[in-house]
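Quick notes on the structure that follows.
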Amino acid sequence: MKFINKLSLLLLVLTFSCKENIQEKTANSISDSNQHPKLILTKNGVEKIRASLGSVPIFDKTLAKVKEEIDAEIALGIDTPIPKDYSGGYTHVRHKRNMVVLQKAGVLYQILDDEKYAKYVKDMLMQYEAMYKTLPIHPKTRSYARGKLFWQCLNDSNWLVYVSQAYDCIYNYLSEEERTKLETNLFKPFADYISIGNPQFYQRVHNHSTWGNAAVGMIGLVMDDQELIDRALYGIKDLKLNSEEKDDDGGFLNKDGKAGFLANIEEPFSPDGYYNEGPYYQRYAMYPFLIFAEGLHNVKPALKIFEYKEGVLLKSINALLNLSDANGDFFPLNDGQKGMSYYTSALVTAVDISYHFGDKNPGLLSIAKDQDRVLLDDSGLAVALGIKEGKAKAFEKKSINLSDGPDGTQGGVGILRNEDIELVFKYAAQGSSHGHYDKLSYSLYEKGEEVIQDYGLARFVNIEQKGGGNYLKENKTWAKQTIAHNTVTQNETSHFNAKYEIGSQHHSVLHYFSSESKNIKVVSAKETNAYPGTTMLRTMAIIKDEDFEKPYVLDIMKIVSNKANQYDFPYYFLGQVLNTNFEYKIPTTLKPLGSKNGYQHLYLEGTAKVLEENSKLSWLNKGKFYTLTSVTNKADELLFTRIGANDPEFNLRREAALMVRRKNTKNTIFVSSIETHGSYSPVSESATNSKSNIKELKVVLDTDAYTAVSVRNLKGVTKLFITANTNASKETKHKIKINNKNYEWSGSYYFK
């Protein structure tokens, strides 16, 4: 207790004595350079962990599994092959595996005090030291920044982030001569190569450079090298790069000259904690963000890293968890691989660190219980103790609006949740080089199952047979194009002409977000730059109505343009078509729908003319029934399409869509509803509530100021939804007349 009080006093003195200049603050340290571990594990933490062993079930279980895993690796022997492969190849996988094994073995040495783990780490590091002194640049030439151990500097940075932790754990086990050898021939040259040697990789705001910053900074913390620490926090001093140069994904390398770990916190995160590249890349970047932050907190407390930008690093974990569906899978916004979830190891790190250094949110403990493992460090012990003491409560996901941009002024993502229905509405900024051209797009889920899907990325991550595990050309020709998403494509041309230089300058604007009502959740946003001269205003609602079995979606897309255009509006549904209320023709030969902008990848499988004012499509997917009802006119065309044209290597999934095509039209409105209803059991072979409950969907008013849509069900009951297209603040009072009936309300919308 005396030690803790003295430590607190010392921290207080440091806090008040350090200068306002944040760079000067980082030079202050409570750590003796010879006191290790100090990064993720701490000396006090190790003592507490050892004292708790055998009494904290989830920690003990994790420790046993890691011990079994590393003992098996030790029995296999050490292999540090000469690098030659892309992602998924043997040498790539082996070195990637080695970095994880080294980190875990170092932790085991600290917790179990068993010298065999320290010796194993030392022996492998010495093999890397012997190799790295003469190791050339990686032979694969695809990357804009080639590594040495791996084909890109990004993976080299991954390696150093993990290995710096292992080095910290065995630092005092090594002799001074051994440390000098490793630092002189391996760690310092390694850090210099991924930073000074590859400034186009390191000196930018991007998830790549975040890994690079963390790698340089963490090894700097272990080595007590202030030059490396400053380089990590602030970037390479006095360096200027070509602001027009781009990376492999078409993103600018250093457009604004901002660089360093702190800039990578300031720029990509909004005040709400949304990361502009989307949840898939936020998940990937959270490990270096948080693991380096934890090291900075322990070694450089005067920096107050967890308070930086109003605590956005810890705040971002709540945002990220809310960007997952009912199963914990992250929504595939931008370049996102489906199936990535909060069960990944990066989120174990995020949850544990967020709990330990944050406000001890008991909802995080429930996530940790589901993950069924914890970090073997101070934060993991805190979580394990919280679970043991019965503090866990369910993590509640609610409807939430997450702003985008460093100041929260560059659009955002709205998530509507109503019972088991989740709607993800994207009105964000471009999302850096991993962004897609899909303004005002959405995807829809029921209990974690996709109903209307976003395609995600075109890539087989770490599968060597598919382009070396890297992004495929179809990611640009299909996945990023507007027609691949559930939004409007004008004149068969993607938003911003699919040009990053244009798209990165613009963002959509929130019109309103409303989630206070238990029964109705609404989000509305406007886009004015995707097509010059065209404004799109989309309003989406999830409505719980007592006459419907489940909440349904109402979708209103209002388009105003200065000229006549062709508009294509697809619905990417998953499942088996049951029936339609229109007759369609199936071609005898499949042909692409177009020749470019993603249309070259769509087969035309069926065509139909509109017969009624409402066009209906019903389908069955995973035991549930769904119905799309669209307000159409007789000039519209209905097209069944399927992904897969001009794809000789079968890189794309063969999935279907129904597309509404409206030609030679200036101003228009697309209105539709999606119902989820009933179920089918293949065991009992019984279907319940398999048909739509909507008799008629009708636009009863559409002006500059208001749009009103009536929904009449099979019982003949009609409800009216009115959205304010202009003055939509909560305080605004509205009064309009529709069909000789007056309607009055305050707020953004009316429903009754």
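Quick caveat: nothing in here was measured; it's all calculated off a predicted structure. Heavy-atom basis, side chains included; hydrogens, waters and symmetry copies ignored.
Summarising the geometry of Arg417 relative to Ser324, their closest heavy-atom pair is NH2-O, 3.0 Å, with the distance given to 0.1 Å. When all heavy atoms of Leu323 and Pro279 are compared, the pair lying nearest together is CB-CB, 4.0 Å. The minimum heavy-atom distance between Tyr202 and Ala232, with the atom names listed, is OH-CA, 3.2 Å. The minimum heavy-atom distance between Pro37 and Val46, with the atom names listed, is CG-CG2, 4.1 Å.
Side-chain polar atoms of Asp329 and Tyr343 form no donor-acceptor pair below 3.5 angstrom. Residues Asn44 and Thr42 have side chains that never bring a donor and an acceptor to within less than 3.5 angstrom of each other. For Lys338 and Gln453, the side-chain atoms include at least one donor-acceptor pair closer than 3.5 Å. In this structure, a donor-acceptor pair under 3.5 Å is absent between the side chains of Asn621 and Glu449. Between the side chains of Arg204 and Ser209, no donor-acceptor pair of N or O atoms lies under 3.5 Å.
One finds no salt bridge joining Lys181 and Glu177 here, because no Lys/Arg side-chain nitrogen approaches an Asp/Glu carboxylate oxygen to under 4.0 Å. Ion pairing between Glu73 and Arg97 holds under the 4.0 Å rule for side-chain N and carboxylate O. Salt-bridge annotation for Asp359 and Lys315: absent, with no side-chain N of the basic residue lying under 4.0 Å from a carboxylate O of the acidic one. Ion pairing between Lys188 and Glu183 fails under the 4.0 Å rule for side-chain N and carboxylate O. At a threshold of 4.0 Å, the pair Lys397-Glu422 does not count as salt-bridged, since none of the basic side-chain nitrogens sits closer than that to a carboxylate oxygen. Using a cutoff of 4.0 Å between basic side-chain nitrogens and carboxylate oxygens, Glu69 and Lys65 are not scored as salt-bridged.
Tyr173 and Tyr109 have perpendicular rings, their planes meeting at more than 60° on a 0 to 90° scale where under 30° would count as parallel. Using the six-membered ring where Trp is involved, Tyr144 and Phe201 have ring planes that are tilted, between 30° and 60° apart. Under the 30°/60° scheme for interplanar angles, the aromatic rings of His297 and Phe306 are found to be tilted. A tilted orientation is assigned to the rings of His434 and His206, their planes being inclined by 30° to 60°.
The side chain to side chain contact (heavy atoms under 4.5 Å, CB included) test with Leu63 singles out one residue from Val374, Ile111, Val107, and that residue is Ile111.
Checking side-chain atoms of Asp168 against main-chain N and O of Leu39 turns up a donor-acceptor pair under 3.5 Å. Under the 3.5 Å distance criterion, the side-chain polar atoms of Asn475 are left unmatched by any main-chain donor or acceptor of Leu457. In terms of modelled atom types and a separation under 3.5 Å, the side chain of Asp325 and the main chain of Gly328 share a donor-acceptor contact. Asp60 places a side-chain N or O within 3.5 Å of a backbone atom of Gly54 that can act as its donor or acceptor partner. Proximity of a side-chain donor or acceptor of Gln110 to a complementary backbone N or O of Cys169 within less than 3.5 Å is detected.
Applying the side chain to side chain donor-acceptor pair (under 3.5 Å) criterion to Arg459, with sequence neighbours excluded, gives no partner residue. Listed by chain and number, the residues in a ring pair (Phe, Tyr, Trp, His ring centres under 6.0 Å) with Tyr162 are Tyr287 (sequence neighbours excluded).
A cation-pi arrangement, defined by a distance under 6.0 Å to the six-membered ring centre and an angle within 45 degrees of its axis, is absent between Lys96 and Phe150. Taking the ring axis of Phe330 as reference, the NZ or CZ atom of Arg283 does not stay both within 45° of it and closer than 6.0 Å to the ring centre.
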